[in-house]
Novice: 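Let me give you the structure first, and then I'll get to my questions.
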Amino acid sequence: MKKGIIGIWILGILLTSCGHSSGSGNKAGTSDSYPTLTVSKQTATLERTYPVTLKGEQDIEIKPRVDGFIESIFIDEGSTVKAGQALFKINSPASVEALAIAEAVLASAKAKVNTARIDVDRYRPLAEKEIVSPLQLKAYENAYETAVAAQKQAEATLANAKAGIAWATVTSPIDGVVGTIPFRQGSLVNSGSVLTTVSSINNVYAYFSMNEKELMELLNNTDGNSENEKIKNLPELKLVLADNSIYRHEGKIETISGIVDTQTGSVNIRAFFPNKELLLKSGSMGKIIIPRKVDNVYIIPQKATFSQQDKTVVYKVRNDSVFQILISVISLPDGQNYAVTGGLQEGDQIVTDGIATLSQGKKITYESAH
């Protein structure tokens with residue numbers, strides 16, 4: 001009797017255990033829940049980035065106009081200079097010698113003019129009294145005119161020699177900042193030697209290029225009837241410096257080259273940036289950001305997409321199942337979202353997370369979000 005009671009008790013435990021196991025299986029069989037997004041048209045700001053080279057508004061190479069040795073250097077690299085300020089002093093023996101010769105030649109020319117004038121003054125009365133031939137007087141007058149011309153030439157040579165002495169002091173032609181000085185005191189230099197560069201960098205130019213297709217897209221999306229009008233209406237630019245910081249002032253595109261490079265298919269563009277604090281240096285490198293607003297696009301998170309044979313795909317919800325849809329996208333500056341330009345329609349619902357566990361036609365439950 002006791003054995004029968006124990007058997008019934010064990011059977012009850014087993015039945016109870018089986019019942020719990022069956023309930024767990026039903027729970028596992030339910031569809032998974034996913035977050036979704038119902039898309040609607042929005043306006044997005046896109047950004048295109050291009051490498052740039054910065055140049056001063058004026059970059060003037062400083063060369064001596066006389067040959068000689070550097071006697072003095074009055075500035076240092078990075079100095080701020082004014083127009084007319086002395087930069088170098090050249091010891092030019094050739095210039096000194098040329099000045100001495102020019103002075104001597106002028107003195108000789110003046111003497112010849114005086115002698116010729118005396119001859120003319122002496123023979124003119126005699127010719128008037130027909131004591132000497134008029135032709136003889138004419139010869140003396142011609143000699144006088146030749147002497148005067150020689151004196152003028154000697155005066156010009158002397159002026160040039162004096163300028164050569166003045167050129168021995170090399171001055172800055174503009175206000176600006178001094179660049180590298182490759183020569184030192186005692187160096188032999190000539191008119192082909194670049195002593196330094198003075199850059200006017202109160203404003204700087206950023207030079208970059210873009211391909212013809214990108215330029216056409218940029219201009220086609222800008223108001224204006226002519227290219228000049230469109231350039232004036234282009235958005236302001238941001239400048240990314242070498243340390244990836246954003247320069248504090250925005251710039252503007254000023255000119256677009258009228259010639260397309262036949263080898264690269266690119267067009268050269270010049271932008272302008274103010275630089276009153278002199279933070280930007282001529283010759284620096286950076287990146288330029290051109291913003292562009294795009295209307296009627298759908299903004300979706302990048303994690304809602306996956307790649308399939310170089311195509312971008314999302315899972316679109318239809319009833320209680322998901323289906324793969326090919327879409328066209330543009331990356332947004334935040335690096336987390338896409339602007340969808342094709343493949344979706346207003347009101348479409350897509351899965352925004354957990355897409356790695358989805359497959360074509362899979363049934364799901366979902367949580368809507370807008």
Side-chain angles (χ1 to χ4, degrees), residues 14-51 210-222 235 238 240 244 246 287-370:
L14 290 174
L15 288 175
T16 302
S17 175
C18 290
H20 285 301
S21 176
S22 176
S24 175
N26 289 338
K27 185 175 182 180
T30 60
S31 58
D32 297 324
S33 178
Y34 294 86
T36 63
L37 171 69
T38 302
V39 299
S40 59
K41 291 180 178 179
Q42 302 179 49
T43 297
T45 299
L46 309 180
E47 291 182 352
R48 283 184 173 172
T49 303
Y50 302 91
M210 65 172 62
N211 64 50
E212 188 177 9
K213 179 182 176 182
E214 291 174 335
L215 177 61
M216 292 179 65
E217 289 178 354
L218 178 64
L219 295 178
N220 289 338
N221 287 293
T222 304
K238 294 180 181 179
V240 182
N244 289 324
I246 303 295
K287 293 181 290 186
I288 206 166
I289 298 175
I290 303 178
R292 179 167 69 95
K293 286 188 176 181
V294 180
D295 297 323
N296 299 322
V297 293
Y298 306 111
I299 309 301
I300 66 171
Q302 292 186 8
K303 64 180 181 180
T305 69
F306 66 97
S307 297
Q308 190 176 78
Q309 296 181 345
D310 297 329
K311 304 294 184 181
T312 303
V313 183
V314 295
Y315 279 104
K316 177 180 174 181
V317 178
R318 189 182 305 157
N319 297 325
D320 60 348
S321 301
V322 292
F323 299 89
Q324 295 178 0
I325 301 294
L326 296 178
I327 60 173
S328 302
V329 299
I330 303 174
S331 296
L332 295 183
D334 60 13
Q336 298 180 352
N337 294 288
Y338 284 138
V340 181
T341 58
L344 292 178
Q345 296 181 352
E346 185 83 14
D348 281 350
Q349 196 168 15
I350 63 169
V351 178
T352 58
D353 201 0
I355 62 173
T357 61
L358 296 178
S359 59
Q360 181 78 351
K362 180 176 179 178
K363 293 185 179 298
I364 65 168
T365 60
Y366 52 88
E367 305 164 3
S368 298
H370 294 276

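Here the structure is a predicted model, which means the values were calculated and not measured.
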Novice: Quick one: do I290 and M210 satisfy side-chain contact (heavy atoms from CB on, under 4.5 Å)? Show the steps, please.
Specialist: CA-CA 11 Å; I290 303 178; M210 65 172 62; 3.7 Å; yes
Novice: Looking at every heavy atom in both P301 and N337, which two are closest together, and how far apart are they?
Specialist: CA-OD1, 3.4 Å
Novice: Distance from I330 atom CD1 to T312 atom OG1, nearest 0.5 Å?
Specialist: 11.5 Å
Novice: I'd like to know if the side chain of Y298 and the backbone of E346 have a donor-acceptor N/O pair within less than 3.5 Å.
Specialist: yes
Novice: Tell me whether Q360 at atom CD has more than 12 heavy atoms from other residues, nucleotides or ligands lying less than 6.0 Å away.
Specialist: yes
Novice: About how many Å separate OH of Y50 and CD1 of I289, when rounded to the nearest 0.5 Å?
Specialist: 11.5 Å
Novice: Check V314, L332, T305 against Y338 for a side chain to side chain contact (heavy atoms under 4.5 Å, CB included) and give me the one that passes.
Specialist: T305
Novice: Quick one: OG1 on T45 to CG on D334, what's the gap to the nearest 0.5 Å?
Specialist: 11.0 Å
Novice: Minimum heavy-atom separation for A339 and A44, please, with both atom names.
Specialist: CB-CB, 4.4 Å
Novice: If we ignore hydrogens and angles and just use 3.5 Å, is the side chain of N211 paired with the main-chain N or O of K213 as donor and acceptor?
Specialist: yes
Novice: Take atom CD of E47 as the centre, draw a 6.0 Å sphere, and report whether it contains more than 12 heavy atoms from other residues, nucleotides or ligands.
Specialist: yes
Novice: Give the C-alpha distance, both sets of side-chain angles, the deciding distance and a yes or no for side-chain contact (heavy atoms from CB on, under 4.5 Å) between Q324 and Q308.
Specialist: CA-CA 10 Å; Q324 295 178 0; Q308 190 176 78; 3.5 Å; yes
Novice: Any heavy-atom pair between the side chains of V240 and I246 that's under 4.5 Å?
Specialist: yes
Novice: State which residues pass salt bridge (Lys or Arg N to Asp or Glu O under 4.0 Å) with R292; sequence neighbours excluded, sorted by chain then number.
Specialist: none
Novice: Can you list the steps and then say if K287 with N244 is a side-chain contact (heavy atoms from CB on, under 4.5 Å)?
Specialist: CA-CA 9 Å; K287 293 181 290 186; N244 289 324; 4.0 Å; yes
Novice: V351 versus L358: any side-chain heavy-atom pair under 4.5 Å?
Specialist: yes
Novice: Working note: I350 + V317, criterion side-chain contact (heavy atoms from CB on, under 4.5 Å); need CA distance, chi angles, decisive distance, verdict.
Specialist: CA-CA 6 Å; I350 63 169; V317 178; over 6 Å; no
Novice: Among residues at least two apart in sequence or on other chains, which ones pass salt bridge (Lys or Arg N to Asp or Glu O under 4.0 Å) with K316?
Specialist: D348
Novice: Which residue, I364, I355, T36, forms the side chain to side chain contact (heavy atoms under 4.5 Å, CB included) with Y315?
Specialist: I355
Novice: Does the S328 side chain pair with the main chain of T341, one donor and one acceptor, at a distance under 3.5 Å?
Specialist: no
Novice: Calculate, to the nearest 0.5 Å, the distance between atoms CD1 and CD belonging to I299 and Q336 respectively.
Specialist: 13.0 Å
Novice: Atom NZ in K41, atom CD in Q345: separation rounded to 0.5 Å?
Specialist: 9.0 Å
